[in-house]
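First up is the structure itself, then whatever we jot down about it.
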Amino acid sequence: MTETSNERDLVRLAKVEELRGAGIDPYPPRLDQPRTHTAAEASAAFEQAEADASDSPVQVHLAGRMLSRRIMGKVGFAHIEDGSGRLQIFVRKDVVGEAAYDQLFKKLLDLGDFIAVGGRMVRTKTGEVSCEAESIQLLAKSLEPMPDKWHGLKDVETRYRRRYVDLMVNPEVREVFVTRARMVQAIREYLDGEGFIEVETPVLQPIYGGAAARPFTTFHNQLKQELYLRISFELYLKRLLVGGMERVYEIGRDFRNEGVSFKHNPEFTQLEWYEAYADYHVVMERVEAMLAHVARRLTGGTVISYQGREIDLAPPWRRVTLRDAIIEYADIDYTQYPTAQALADAMRAMGHRPESTSNRGKLIDSLLSNYVEPNLVQPAFVTEYPIEISPLAKKKAGDPSTVERFEYFIAGMEMGNAFTELNDPLDQRARMEWMQQLYGADDEERHPVDEDYLLAMSYGMPPNGGFGTGVDRLAMLFCDKASIRDVLLFPHLRSLERGEAA
RNA sequence: GGCCCACUAGCUCAAUUGGCAGAGCAGCUGACUCUUAAUCAGCGGGUUUCAGGUUCAAGUCCUGAGUGGGUCACCA
C-alpha cells in the first residue's frame, strides 16, 4: 500500500535516489542495446549451436523481470522472465566489472526489477543453459516487494484486485488467458469460414431488449437522453437481416444489473449469430460443429476434461425436449397443468418448492434449472420451450403453446440459447403486448416495446435461426475453471475506496 | 438481500483451555567465484481488517461494520 511510508518503502526509494546519484536512470526510455532474443529464443539458439558443435559464441541481448537472485561472493545467478519464459543469467564480477557487480547487481537491484542483460550463452557446471552477463542495464525499478518466490500469491481477493501481480508470479494464470484468446480465435475461424460477417452494434441503446434482465442506465448529457448499456445484441443483429446481411455475428460485452456469482459477472462476453434461411435445427448443427472445431484447435481432439469429468464434444449431441427432460429428472409432465396455479400445486405435491406462482413459464424454467440442468453433463440440446418465456421465437407448427427454441447445456451449466427467430411482425407485436401484461408495470424485467424493431420486421425479415452463448462460460469449460472470475482478467469486485476513505 | 466460513509481518502460514504475537521466504548488514527454494552469521519488520463490549488478561469470547469466498434467493 502507498498510504503510509514504512521502512520497506523507504529502502526502495533510497535505492532510486542512490541510482540517480550514480547517474543511473531508474526508468530509462529505452534499452542501451536492442533486444535480440527472447529467453526461449536464446536457449534454442544456444542448443542449436551446441548441436552443430559450433565454436562461435552465441551473443544475445535479453530483457525481462528479475525473479530470483543468488549471490556467492564475486559471482552470482539470477533468473529473469520475459514473455517466452525464464532464463538464468550468470554474473561474474571479473566480467561485468566492479561497478556493475557490487553497486548495481548486488546492491541496487531488487527482485521484480526489469533489466536488460547482454552477454554470451553458456552452460553452467550444473548444466543449465544460461546467459553469462557482460552488461546489465536497469530498465524499470520495482518499488513493491514480490510475493513469496516459492508459495507465490494465493490470496484470492488480492489475485483478483491486483491481477497484474497474479499474472507476474503465476504462469498458469497467463496460460488461462492465452487459452481463452485461442478459443475466441477458433470461434471466429469457424464462423468466418462459414461466410459469417463480424459486425459491431451499439452498446449504448435507447431501448434495451433481447433478454430478460435489468439493465444499467446512463445518460447522454448533450442529447438529454436516457440510455441503457445493452443486455443483448439480438434486436440489432436481426435488423441487419432485414437489411440483407445473411450471416452475421458479434462478439462483445453485455451488461446485466443482476447478482454476481461464480457464473455471473455484471459485464460478460457474449457471442450471437443470426443466419438467414436457417432454422433451429441448422443452428444446433452449427453449435456442435463450432465447439468440436474449437476443441480440436485447443486440444487436438473433441474430449475435454472439466473439473475431473470427461466431456465429449463430438457431434451429434443429445437432443431432448424440455417436456421429456423435466419428466425424466423432475417427474412432472407440465403439459398436464395448463395454468401456473395448477403447475405450482402439482410441484408442491411432488415435494418441489416453487418460489413464485406468477408465471407458468417461470415455473417450468425453475424445474429446468433446478432438476434438469445439473444432470446435463455431456453436451445436450433441450428443445421446444413454452411460448410465455420466449417472446422472440417462432411458434411450433400445430402447437401454439410451444416455440422452436433450444438451450444447450454442458457440465451442468446452461451455455446458450437459440431459436427459429420470429419474423412475423403482427405476431411479434402481439407477443410483445402480451409480455406487457404477463409482466406487471412494476416488474423490472418488463421490456419496453421496441417500435423501431417492429418497423424493421414489417419491411420483411427472412426466416432465420439465431444463437447466443456466453463466451466466458465457454472459457471456463475449455480452461477447466469452476469460477467465471478465473477466466476474466479483471472480475468485478466491490470498490475498497469507501472503507479506506473512512 | 438471507445463511455459513475466512481475514495475523510485503508473501505463505503458526500461536494449547482466554495467559509474553512466532516461523519460513522477502528486506537490511556481513561472509562466500557455478548457484538454482543457494548456504552461513547477525538485524529490523505487527493498530492480529475496523469499531465497540465482556474479562485481572482478548489474535482467541460477544455485538456491529468492512472485504472476500461458499450457498440460497434472484437471474425468459
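Residue numbers begin at 1 in each chain, while the letters A, B, ... track the order of the sequences.
- Taking a cutoff of 4.0 Å between a charged side-chain nitrogen and a carboxylate oxygen, A/E175 and A/K481 do not qualify as a salt bridge.
- Annotated stems with RNA chain B as a participant read B:1-7 with B:66-72, B:10-13 with B:22-25, B:27-31 with B:39-43, B:49-53 with B:61-65, given as range with range, by first number; only runs of 3 or more Watson-Crick or G-U pairs under 3.5 Å qualify.
- Checked against side-chain contact (heavy atoms from CB on, under 4.5 Å), A/E17 has the following partners two or more places apart in sequence or in another chain: A/R20.
- Side-chain contact between A/M347 and A/Y337: absent, with no pair of heavy atoms (C-beta onward) separated by less than 4.5 Å.
- A salt bridge links A/R239 and A/D452; the closest N-O separation between the charged side-chain nitrogens and carboxylate oxygens is under 4.0 Å.
- Taking atom C1' in both B/A57 and B/C20, one finds a spacing of 12 Å when rounded to whole Å.
- Of the side-chain N and O atoms in A/R70, one or more sit less than 4.0 angstrom from OP1 or OP2 of B/A38.
- B/G69 and B/U12: their P atoms are spaced 16 Å apart (whole Å).
- Distances were taken from every side-chain heavy atom of A/E128 (C-beta onward) to each of B/C75, B/A76, B/U35; the shortest belongs to B/U35.
- Rounded to a whole angstrom, the distance from the C1' atom of B/U60 to that of B/A14 is 14 Å.
- As a whole-Å value, the separation of A/D166 CG from B/G10 P is 19 Å.
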Sequence neighbours excluded and cut-off under 3.5 Å, please list the side-chain donor-acceptor pairs for residues 115-123 of chain A, or say none.
residue, atom, partner, partner atom, Å
A/R123, NE, A/E50, OE1, 3.4
A/R123, NE, A/E50, OE2, 2.8
A/R123, NH1, A/G127, O, 2.7
A/R123, NH2, A/E50, OE1, 2.7

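- Partners of A/S232 by side-chain contact (heavy atoms from CB on, under 4.5 Å), not counting sequence neighbours, listed by chain and number: A/A211, A/E234, A/D254, A/R256, A/E272.
- For A/N170 and B/U12, the CG to C1' distance is 12 Å, given to the nearest whole Å.
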Distances under 3.5 Å between nitrogen or oxygen atoms of protein and nucleotides 4-7 of chain B:
none

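- For the contact set between residues 382-396 of chain A and RNA chain B, defined by any heavy atom under 4.0 Å, the members are A/I389, A/P391.
- Each salt bridge (charged side-chain N to carboxylate O under 4.0 Å, His left out) pair with one or both residues in residues 409-418 of chain A, not counting sequence neighbours, would appear here, but there are none.
- Separating the NE2 atom of A/H492 from the C1' atom of B/C75 is a distance of 16 Å, rounded to the nearest angstrom.
- Partners of A/D345 according to the salt bridge (Lys or Arg N to Asp or Glu O under 4.0 Å) rule, which considers only residues two or more places apart in sequence or in another chain, are A/R348.
- A/R159 has its CZ atom 14 Å from the C1' atom of B/C11, to the nearest Å.
- Of the N and O atoms on the side chains of A/Y408 and A/T469, at least one donor lies less than 3.5 Å from an acceptor on the other residue.
- Scored by the side-chain contact (heavy atoms from CB on, under 4.5 Å) test, A/E128 finds A/H79, A/Q88, A/T124, A/S130 as partners (sequence neighbours excluded).
- Between A/F77 and A/F90, the distance from one ring center to the other falls under 6.0 angstrom.
- One atom, CZ of A/F262, and another, C1' of B/C74, lie 14 Å apart when rounded to the nearest Å.
- A/E81 is linked by a salt bridge (Lys or Arg N to Asp or Glu O under 4.0 Å) to A/R86, A/R174, counting only residues two or more places apart in sequence or in another chain.
- Using a 4.0 Å heavy-atom distance criterion, A/G152 is classed as a sugar-phosphate-only contact.
- Here A/R256 lies out of heavy-atom contact (under 4.0 Å) with every strand.
- Close placement of the A/F381 and A/F406 rings is indicated, their centers lying within 6.0 Å of each other.
- Remark: A/I207 engages A/P448, A/D450 in a side-chain contact (heavy atoms from CB on, under 4.5 Å) (not counting sequence neighbours).
- For the C1' atom pair drawn from B/G59 and B/U16, the interatomic distance equals 14 Å after rounding to whole Å.
- Atom C1' of nucleotide B/U35 and atom CG of A/L67 are separated by 16 Å, given to the nearest angstrom.
- Distances shorter than 4.0 Å separate none of the side-chain N or O atoms of A/R161 from OP1 or OP2 on B/U67.
- Atom CG of A/L368 is separated from atom P of B/A76 by 12 Å (rounded to the nearest Å).
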Going 5' to 3' through nucleotides 24-34 of chain B, assign each nucleotide B (protein heavy atom under 4.0 Å from a base atom), S (under 4.0 Å only from sugar-phosphate atoms) or - (no protein heavy atom that close).
BBSSS---BBB
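- The same atom, C1', is picked in B/A73 and in B/G19; the two are 45 Å apart, to the nearest Å.
- Comparing B/A58 with B/G2, their P atoms are spaced 31 Å from each other, to the whole Å.
- In plain terms, the two heavy atoms of A/A42 and A/L62 that are nearest each other are CB-CD2, 3.8 Å.
- Residue A/S483 is the one, among A/S483 and A/E407, whose nearest nucleotide of RNA chain B lies closer to the 5' end (criterion: closest heavy atom).
- Taking atom C1' in both B/C62 and B/U71, the straight-line distance is 26 Å, to the nearest Å.
- Spacing of C1' atoms, B/A51 relative to B/G44, comes out at 31 Å, to the nearest Å.
- Atom C1' of nucleotide B/A76 and atom CZ of A/R431 are separated by 12 Å, given to the nearest angstrom.
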Start with the C-alpha gap between A/Y274 and A/E250, add the side-chain angles, then the distance that decides, and say whether side chain to side chain donor-acceptor pair (under 3.5 Å) holds.
CA-CA 9 Å; A/Y274 293 84; A/E250 179 163 5; over 6 Å; no
